[in-house]
Amino acid sequence: MKKSTTLALLSAVLAFTAFSCSSDSDKSGGETGGGTDTGKTKYIITATTGAAGIADYLLTADDVSTGSITTTGNGLEQDGTYRYYITAQNNFFSLLYGQGNPGAVTTYNLNGEGKLVKKSDFQAETVHVFAAVNKDILTIKVPRSGASIASMYKIDAEKSLITGEAQQDTKKLAGNGERAFFTWATQVGDKVYMPYMSIKGDGVDNFGTANPDSTWVAVYNYPELKLEKVIKDNRTSYLGAYFTNGLFQDENGDAYGFSGAIATSNAVMTSTKPSAIVRIKKGTTEFDKSYFFNVQEKSGGYKISSTTYISKGKFLLLMYGNVGKNNGAVKMAIADVYNQTFTWVTNAPATLTSVTSRYNITSEDGSSAIVGINTPDGNWIYSINGTTAVATKGMKVEGGQITAIQKLKY
């Protein structure tokens with residue numbers, strides 16, 4: 001079973017799935033679109049027991065700030081092994097990694113009583129980028145070797161149907177003898193910004209590169225998905241990482257990019273630029289040369305692993321635990337991108353086995369990140385305050401390690 005995100009991001013062979021063109025009718029009483037929304041919140045906690053061949057259990061709770069919950073005799077047991085998640089249009093999507101083959105995609109929502117019910121179950125192709133754009137889910141299948149064509153799929157998040165498709169030649173996009181490998185996709189205004197890393201893709205050192213100290217963001221219009229421009233910089237390395245979002249839009253419409261500066265060649269880290277945050281101002285398609293947040297310097301030499309946006313310029317950073325390296329037990333910090341301040345999180349467990357990253361949420365009042373923290377002594381849901389950087393212990397999850405936290409309305 002796949003545990004929640006660890007710090008071996010580039011060595012982890014992860015994948016995701018894109019939707020097929022049809023879906024089964026609802027067998028469990030779900031809504032035809034998104035679930036009923038009466039303003040109430042239901043939290044979805046996924047947890048793995050570690051049993052071979054068993055995917056995460058889906059647990060639900062009205063409150064994750066207190067109490068406990070268990071996988072024993074509780075929750076919905078999923079089939080398969082590796083599952084990945086996204087919430088869009090008040091639907092919760094659970095996607096099975098098909099080990100190179102098509103895999104099942106299961107859609108859930110909440111009925112009027114707040115019960116998680118299955119809406120549809122259908123097949124998918126393997127992809128690794130997935131993001132909500134307008135009322136769609138955009139997924140991208142990106143080759144790491146062999147053929148160089150990346151396939152992009154637009155999926156109606158209410159109907160679970162593909163509504164459009166586009167392609168991109170990743171070697172042509174890179175234009176440097178290597179190939180572009182999208183790390184994620186982010187809606188910025190009415191466009192989609194896709195940061196990418198330049199990789200060899202040679203079948204030997206696929207994710208290695210001869211270009212470790214550059215940053216690229218491909219800009220596509222939407223819904224046509226036509227390439228308009230590539231935004232470039234050379235003050236840090238690529239944004240995000242394999243299967244890791246590194247670009248977020250704030251409430252002002254500005255986009256902030258996060259780089260771990262962890263590019264490698266033949267498994268040796270070759271980045272010479274610092275782990276840092278850069279900015280693209282609203283309405284522009286250029287990096288803001290007046291803005292550069294050197295996180296590595298302000299943290300005492302540590303590099304960014306992954307990022308969760310809280311609100312109002314506050315971000316939760318997961319940092320690699322070894323100074324200047326892309327390994328080591330995870331450390332947590334808060335970055336204020338407006339004031340360029342860096343603060344280590346306090347009151348968290350001393351030893352962290354893992355912390356959820358791409359599947360985190362923000363508290364209802366927008367003040368805190370809600371994350372799953374797994375430790376040798378147990379697994380809890382914590383809230384991390386974006387202003388004070390203080391961690392507060394919430395619900396205990398028993399019978400499995402936490403792999404994701406999401407929420408729906410009912």
List the steps and the verdict of salt bridge (Lys or Arg N to Asp or Glu O under 4.0 Å) for E251 and K282. CA-CA 10 Å; E251 298 88 338; K282 179 182 179 180; over 6 Å; no
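- Here the closest non-hydrogen pair linking T285 and I231 is O-CG1, 3.4 Å.
- In this structure, the side chain of S237 does not engage the main chain of D213 through any donor-acceptor pair within 3.5 Å.
- Within the structure, salt bridge (Lys or Arg N to Asp or Glu O under 4.0 Å) contacts touching residues 284-294 (residues at least two apart or in different chains) are K229-E286, D233-K289, R279-D288.
- A donor-acceptor distance shorter than 3.5 angstrom exists from the side chain of N360 to the backbone of S357, with no hydrogens or angles considered.
- Between F258 and F315, the distance separating the two ring centers is shorter than 6.0 angstrom.
- Counting only distance, with no hydrogens or angles, the side chain of Q187 and the backbone of G189 share a donor-acceptor pair below 3.5 Å.
- Looking only at distances, no side-chain donor or acceptor of Y222 sits under 3.5 Å from a matching main-chain atom of K226.
- Centroid-to-centroid, the aromatic rings of Y256 and Y291 come within less than 6.0 Å.
- If you look at Y84 and F243, their ring centroids are closer than 6.0 Å.
- Atom CD of E297 sits in a sparse spot, with 12 or fewer heavy atoms from other residues, nucleotides or ligands closer than 6.0 Å.
- A distance-only check finds a donor-acceptor pair linking the side chain of Q296 to the backbone of S275 [under 3.5 Å].
- Considering only heavy atoms from C-beta on, I280 comes within 4.5 Å of Y193 through its side chain.
- In summary, the aromatic rings of Y302 and Y320 are positioned with their centroids too far apart to meet the 6.0 Å limit.
- Under a 3.5 Å cut-off, the side chain of T362 and the backbone N or O of A369 do not form any donor-acceptor pair.
- No donor-acceptor distance shorter than 3.5 angstrom exists from the side chain of T183 to the backbone of Y242, with no hydrogens or angles considered.
- Counting non-hydrogen atoms of neighbouring residues, nucleotides and ligands closer than 6.0 angstrom, the NZ atom of K312 reaches no more than 12 such neighbours.
- Evaluated for a side-chain contact (heavy atoms from CB on, under 4.5 Å) with L110, the options I44, L408, N91 yield exactly one hit, L408.
- Taking a 6.0 Å sphere around NZ of K298, one finds it holds more than 12 heavy atoms contributed by other residues, nucleotides or ligands.
- Under a 3.5 Å cut-off, the side chain of R179 and the backbone N or O of I199 do not form any donor-acceptor pair.
- Using a 4.0 Å cut-off between a side-chain N of Lys or Arg and a carboxylate O of Asp or Glu, K42 and D62 qualify as a salt bridge.
- If you look at H128 and F181, their ring centroids are closer than 6.0 Å.
- Remark: side-chain polar atoms of D250 are paired, donor with acceptor, to backbone N or O of D254 under 3.5 angstrom.
- Contact of the L352 side chain with the M332 side chain is registered, since non-hydrogen atoms from C-beta on lie closer than 4.5 Å.
- When each of V295, V345, V330 is tested with M319 by the rule side-chain contact (heavy atoms from CB on, under 4.5 Å), just one qualifies, namely V295.
- With sequence neighbours excluded, the residues that form a side chain to side chain contact (heavy atoms under 4.5 Å, CB included) with E113 are N111.
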